[in-house]
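In what follows, a structure is listed as structure tokens, so that the remarks can point back to it.
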Amino acid sequence: MKRRQAGAGLVELMISLVLGLLISALAMQMFMTSRASVSNQEALSFLQESARYVSYRLQPMMRNIGYAGCAGNNLYIDPKLKNPPYNLEFPMGGKERTHRGLSYWNMTFAFADKEAGVIPLTDSMDSLSGPLKVESNDVTALLDDDGDLVEDIALVSDCLNSDMFIINKITDGSIYPDPDTGLNNLYGSGSSSVSNVYPVKAWELRLEDQGDSEKVRSLYLDRVGADFLAEEIASGVTDFVITFSLDTDGDGQVDTLNKAASSMTDDDWKKVRRIEIALTLQSQPGAVSGGPNQGRLERTFNLTFTPRNLQLAGED
């Protein structure tokens, strides 16, 4: 006797539909959570990479602030060069600025740039007014592609003395100091047989809008007195704070921490042993699903730099 095979009833069908919808909802929830996690992680990675680039770009510069050759202790600076930002006796400074409601310290700093090219003297100086004789091929660090003078402030050092001077002209492998800023020492002769010339550069850190945008604030590194375009080193900046840690008693140990730039005195600048930058960056919208400020992710990164040449310059 054959038995009739019954199909699924209405109850079973409804249960199946509910279970199917429940599983689909759980799968969708897992997908959305996973997607949000990936988006958040990508945004965080971008912010971390941005902070790493700022550190990478500034680290060698901050380390060399105040470099004045290997005779930084015996540095002669012409009175014309004692104004900021090129004064290597006070190689750091700046001023308070406000950018779209955000107050920050527009920091400037200077150093003799040994990385750009060390120019050795090939002969002794005839007089304090020069010239400084070098190989013609070595002066490229001071000239642009057209052969025009692009660096007009330089330093000459022989590890016994160092002099800053304004370059008047460069002709046939000879660097002529400005007649009104002659040198204080003769270089390239006798006990000072090893002498080198370095371009002196000044830089600033400032906040500006990114390109034509009025919504994205960026941190720029710019050469003072140069025609080069400023370099954007971080975008999405929502806060930018610079502080300084000092060795006030000269024992080689930092004893004053995180002093605000606006409260620094001339004497304080010589005692700086650490530079701290608190940089707050914000991602593009949508990184945090349902989060505030259109879902932007925000993180603060604390960067520390050690200007080693300031300490060396203060040693006897």
Side-chain angles (χ1 to χ4, degrees), residues 60-61 63-83 85-91 109-203 223-226 228 307-316:
M61 292 184 173
R63 186 169 60 243
N64 286 319
I65 288 175
Y67 179 72
C70 52
N73 236 27
N74 299 310
L75 171 64
Y76 172 73
I77 302 177
D78 186 274
K80 285 188 175 182
L81 296 172
K82 284 189 174 293
N83 295 322
Y86 290 98
N87 186 352
L88 294 183
E89 185 180 5
F90 296 98
F109 53 93
F111 54 87
D113 192 356
K114 59 183 177 181
E115 306 299 331
V118 178
I119 307 171
L121 267 61
T122 59
D123 203 350
S124 59
M125 294 175 58
D126 298 327
S127 68
L128 292 177
S129 60
L132 292 88
K133 300 174 183 178
V134 299
E135 292 286 350
S136 298
N137 293 334
D138 288 340
V139 296
T140 54
L142 303 172
L143 305 173
D144 61 18
D145 293 337
D146 297 324
D148 297 324
L149 190 65
V150 68
E151 306 291 353
D152 58 356
I153 299 178
L155 176 135
V156 57
S157 178
D158 62 2
C159 293
L160 296 175
N161 299 282
S162 295
D163 277 66
M164 282 183 64
F165 63 97
I166 299 173
I167 300 175
N168 182 38
K169 63 179 180 179
I170 299 177
T171 305
D172 298 327
S174 292
I175 302 173
Y176 290 85
D178 186 282
D180 296 330
T181 57
L183 305 184
N184 201 48
N185 301 278
L186 288 173
Y187 292 90
S189 62
S191 59
S192 60
S193 56
V194 180
S195 301
N196 297 302
V197 177
Y198 310 85
V200 175
K201 298 179 181 179
W203 302 82
R223 277 279 305 282
V224 177
F228 309 128
R308 64 182 184 185
N309 285 289
L310 294 184
Q311 186 167 1
L312 294 175
E315 295 175 352
D316 294 329

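Just the heavy atoms: all of them, side chains too, but no hydrogens, waters or symmetry mates, feed the values below.
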Side-chain heavy atoms of Leu88 within contact of Ser162, under 4.5 Å:
no
Mind checking whether Val156 and Leu121 have side chains closer than 4.5 Å, heavy atoms only?
yes
Non-hydrogen atoms of Pro131 and Met125 that approach each other most closely
O-CG, 3.9 Å
Side-chain contact test, heavy atoms from C-beta onward, threshold under 4.5 Å: evaluate it for Asp158 versus Asn161 and give yes or no.
yes
Here's one to test your reading of the geometry: is the NZ or CZ of Lys114 within 45 degrees of the ring axis of Tyr198 and under 6.0 Å from its centre?
no
Locate the shortest heavy-atom distance separating Lys133 from Asp126; write the atom from each residue and the value.
NZ-OD2, 3.7 Å
Under the criterion side chain to side chain contact (heavy atoms under 4.5 Å, CB included), I'd like the reasoning laid out for Asn74 against Leu160: C-alpha separation, chi angles, the key distance, then a yes or no.
CA-CA 7 Å; Asn74 299 310; Leu160 296 175; 5.8 Å; no
Do Lys201 and Phe111 form a cation-pi contact, if we require the NZ or CZ to be under 6.0 Å from the six-membered ring centre and within 45 degrees of the ring's axis?
no
Side chains of Ile166 and Pro177: closer than 4.5 Å at any heavy-atom pair?
no
Are Asp163 and Leu155 close enough that some pair of their side-chain heavy atoms sits under 4.5 Å apart?
no
Calculate, to the nearest 0.5 Å, the distance between atoms CZ and CD1 belonging to Arg308 and Ile65 respectively.
12.0 Å
Looking only at heavy atoms, which two atoms of Pro85 and Ala110 are closest? And how far apart?
O-CB, 3.1 Å
Scanning both residues in full, the closest heavy-atom pair of Ile119 with Val139 reads CD1-CA, 4.2 Å
Could you pull out the closest heavy-atom pair between Pro120 and Val118, with the gap in Å?
CD-O, 3.3 Å
Looking at side-chain heavy atoms only, is the closest gap between Val197 and Tyr187 below 4.5 Å?
no
Val200 and side chain to side chain contact (heavy atoms under 4.5 Å, CB included): which partner among Tyr67, Tyr86, Phe165?
Tyr86
For the CD1 atom of Ile77 and the CE atom of Met164, what is their distance to the nearest 0.5 Å?
5.5 Å
Check the surroundings of atom CG in Asp180: do more than 12 heavy atoms from other residues, nucleotides or ligands lie under 6.0 Å from it?
yes
To the closest 0.5 Å, what do you measure between CE (Met61) and CZ (Phe109)?
6.0 Å
Could you measure the distance from the CD1 atom of Ile175 to the CG atom of Leu142? Nearest 0.5 Å is fine.
5.5 Å
When you compare the side chain of Ile153 with that of Ile167, does any pair of heavy atoms fall below 4.5 Å?
no
I need the Ser124 OG to Leu186 CG distance, nearest 0.5 Å.
8.5 Å
Answer yes or no: is there a donor N or O on one side and an acceptor on the other, between the side chain of Asn87 and the main chain of Lys82, under 3.5 Å?
yes
Validation row: Leu183, Tyr76 side chains within 4.5 angstrom (heavy atoms):
no
If you look at every heavy atom in Ser157 and Ala68, which pair is closest and at what distance?
OG-O, 4.1 Å
